[in-house]
Amino acid sequence: MGMKDQFQEKSERLQEQAKQKAGEAKERGQRGRQQREDEEMERQRREEQDRFEQDYDA
């Protein structure tokens with residue numbers, strides 16, 4: 001195997017690793033965004049429940 005082939009293989013390996021890392025980062029970002037959205041929905045639900053309970057307390 002010549003040097004050119006070795007460099008080509010290494011280049012391809014590095015490109016594949018970069019693609020995998022980018023995909024993993026994208027997944028983490030999506031999970032983080034989904035978690036924030038879920039937390040926001042839960043906060044809104046609790047606030048609505050509190051207002052509802054206050055209306056009945058008054």
Side-chain angles (χ1 to χ4, degrees):
M1 179 180 291
M3 284 185 65
K4 181 179 178 184
D5 293 333
Q6 290 175 345
F7 283 117
Q8 182 68 28
E9 283 185 16
K10 185 174 183 178
S11 172
E12 290 171 0
R13 245 189 351 263
L14 291 173
Q15 287 177 350
E16 186 60 32
Q17 288 175 353
K19 285 181 186 178
Q20 287 177 344
K21 287 184 180 186
E24 291 168 3
K26 183 178 178 183
E27 280 184 31
R28 282 194 304 275
Q30 289 174 344
R31 283 194 305 261
R33 184 174 63 245
Q34 182 63 43
Q35 184 178 3
R36 286 189 301 276
E37 289 173 357
D38 290 348
E39 290 170 354
E40 178 64 18
M41 291 292 290
E42 179 63 21
R43 185 186 63 76
Q44 289 176 353
R45 188 195 63 75
R46 282 194 310 267
E47 288 176 356
E48 289 175 9
Q49 184 67 29
D50 289 346
R51 283 194 296 275
F52 178 78
E53 291 172 358
Q54 288 175 357
D55 287 347
Y56 276 98
D57 290 342

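FYI, the numbering just counts along the sequence from 1.
The distance from atom CZ of R46 to atom CD of E53, rounded to the nearest 0.5 Å, is 12.5 Å. Going from atom CD of Q35 over to atom CD of E40 covers 13.0 Å, rounded to the nearest 0.5 Å. Atom CZ in R45 sits 9.0 Å away from atom CG in D50 (nearest 0.5 Å).
For E39 and R36, the salt-bridge test fails: no basic side-chain N is under 4.0 Å from an acidic carboxylate O.
For residues 13-26, there are no salt bridge (charged side-chain N to carboxylate O under 4.0 Å, His left out) pairs, not counting sequence neighbours.
Between the side chains of E12 and Q8, at least one donor N or O sits under 3.5 Å from an acceptor N or O. Counted by atom type alone, Q44 and E48 present zero donor-acceptor pairs between their side chains at under 3.5 Å.
Of the options M3, E9, K4, a side chain to side chain contact (heavy atoms under 4.5 Å, CB included) to F7 is made by M3 and by none of the others.
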